[in-house]
**Student:** 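Next up is a structure, given as structure tokens.
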Amino acid sequence: MKLVRYGGYKIGLIDDTSVKDISDLAGATADEWPPVAMNRLIRDFGVLRPEIEKARSRSGTPFKDVKLMTPIPWPNKVIAYPVNYHDHGAEMGAGYRANTQGFFLKPSSSLSGASEPIVLPAVTGRRIDHECELAIVIGKEGRDVPRERWRDYVFGYSCLIDVSVRGKEERVARKAADTFCPVGPWIVTADEIADPANLRGRLWVNDELRQDANTRDWVLDLPGMIEMASAIMTLYPGDIIAAGTPAGVGPIKAGDKVRIHFEQVGEMTIDVVQGKTGSGSIFKNPPE
Ligand code: MN
């Protein structure tokens with residue numbers, strides 16, 4: 001099953017080439033704040049699934065006509081594993097790997113959707129890169145999850161671009177700008193992915209292939225990512241894990257189109273535009 005957020009606040013089910021509105025089943029309303037209807041749907045999915053399946057008989061809107069928002073706009077956290085492919089570690093000159101270094105967090109406010117652009121902050125002269133990553137959506141609350149039980153905690157998967165300003169500032173400051181975490185185009189539920197550790201993921205900029213790798217080359221595997229994060233923090237339904245990027249990261253600039261594709265998961269193409277804000281004091285005076 002593929003689930004989307006679209007049209008500002010609605011939650012939908014992808015049914016062939018159309019979107020069936022299931023906002024009523026998810027309790028999604030235009031004035032909901034914070035917007036956590038998808039988090040609740042994920043938590044209650046076992047109970048709701050039969051009703052959601054029945055919604056296939058509803059009339060729909062052509063998928064091509066809807067504005068796709070980020071599937072989970074208000075997760076408790078986005079957990080991101082840096083350097084989780086050896087070839088990316090080599091290209092960055094990094095001696096550490098995710099299995100020893102751990103993870104960082106991206107703010108929920110950095111999330112954007114498949115129909116929304118990446119807005120570059122006005123950090124003149126700084127390199128801003130794409131990072132092609134699989135998004136793992138947590139389905140169940142858990143702490144100290146043993147690696148053998150990882151499947152119980154995964155709700156689904158999506159495509160994620162971890163946009164990053166290169167430099168020596170704190171990692172979070174370089175990766176937290178609004179729109180620096182496009183996720184989409186939908187969530188595909190875990191039952192449709194037999195082996196998340198065997199998915200080819202690719203990223204193009206203006207049809208030039210920049211990244212091409214398989215999740216089998218993760219340094220820290222998915223059970224390990226869940227075990228490591230949940231040893232430190234409680235995982236909640238709707239939490240997102242950015243699983244790390246392979247080699248081939250490179251700069252994006254205004255006017256570019258960035259396409260990300262994970263087999264069995266989906267594909268989206270994101271416009272890159274120049275914003276006026278975000279130069280910030282830390283980027284004006286880079287640390288040594
Ligand atoms: Mn990354």
Side-chain angles (χ1 to χ4, degrees), residues 70 72 75 77-113 118-121 123 126-138 157-184 196-197 199-205 209-222 224-226 228-229 232-233 239-252 256 258-262 265 268 270 272:
T70 203
I72 309 159
K77 52 196 162 295
V78 178
I79 301 158
Y81 282 94
V83 195
N84 203 18
Y85 288 82
H86 288 295
D87 60 359
H88 175 58
E91 75 178 349
M92 299 303 286
Y96 62 87
R97 297 292 183 266
N99 60 330
T100 54
Q101 185 83 359
F103 52 84
F104 64 99
L105 301 177
K106 284 172 82 85
S108 301
S109 50
S110 66
L111 291 161
S112 57
I118 294 168
V119 181
L120 300 177
V123 287
R126 299 295 294 272
R127 179 171 148 180
I128 303 176
D129 279 0
H130 56 77
E131 295 188 354
C132 171
E133 310 200 11
L134 184 70
I136 297 139
V137 176
I138 297 296
Y157 303 92
S158 192
C159 303
L160 183 151
I161 304 172
D162 176 16
V163 185
S164 308
V165 177
R166 294 299 174 208
K168 291 182 177 172
E169 295 84 0
E170 286 286 348
R171 181 179 260 127
V172 168
R174 295 184 289 101
K175 289 172 168 273
D178 291 3
T179 75
F180 267 25
C181 197
V183 173
L199 296 175
R200 186 185 188 188
R202 283 171 289 173
L203 184 145
W204 298 257
V205 177
L209 182 63
R210 294 270 188 92
Q211 296 186 271
D212 184 358
N214 191 295
T215 54
R216 75 168 76 92
D217 291 325
W218 281 331
V219 177
L220 179 64
D221 63 5
L222 176 45
M225 290 184 231
I226 289 174
M228 182 185 283
I232 295 170
M233 315 174 290
D239 280 0
I240 296 169
I241 297 176
T245 198
V249 300
I252 52 174
D256 285 346
V258 182
R259 177 159 57 107
I260 181 171
H261 179 106
F262 270 90
V265 176
M268 60 180 177
I270 307 283
V272 181

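Counting begins at 1 with the first residue of the sequence. Counting convention: from 1, in listed order, for ligands and their atoms alike.
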**Student:** Return the CZ to CZ distance between R166 and R126, rounded to the nearest 0.5 Å.
**Tutor:**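 R166 CZ to R126 CZ: 11.0 Å, rounded to 0.5 Å.
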**Student:** Can you name the N/O/S atom of E131 that is nearest the Mn ion (ligand 1)?
**Tutor:**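 Minimum-distance N/O/S atom of E131 relative to the Mn ion (ligand 1) is OE1.
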**Student:** Roughly how far, to the nearest 0.5 Å, is SG of C159 from CD of E133?
**Tutor:**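 Rounded to the nearest 0.5 Å, the CD-SG separation comes out at 11.5 Å.
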**Student:** Which is the closest N/O/S atom of D162 when seen from the Mn ion (ligand 1)?
**Tutor:**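 So the atom name we want here is OD2.
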**Student:** What is the name of the N/O/S atom of E133 that is nearest to the Mn ion (ligand 1)?
**Tutor:** OE2
**Student:** Looking at every heavy atom in both L222 and Y157, which two are closest together, and how far apart are they?
**Tutor:** CD2-OH, 3.8 Å
**Student:** Shortest non-hydrogen contact from G244 to N84?
**Tutor:**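 Closest approach of G244 to N84: CA-CB, 4.1 Å.
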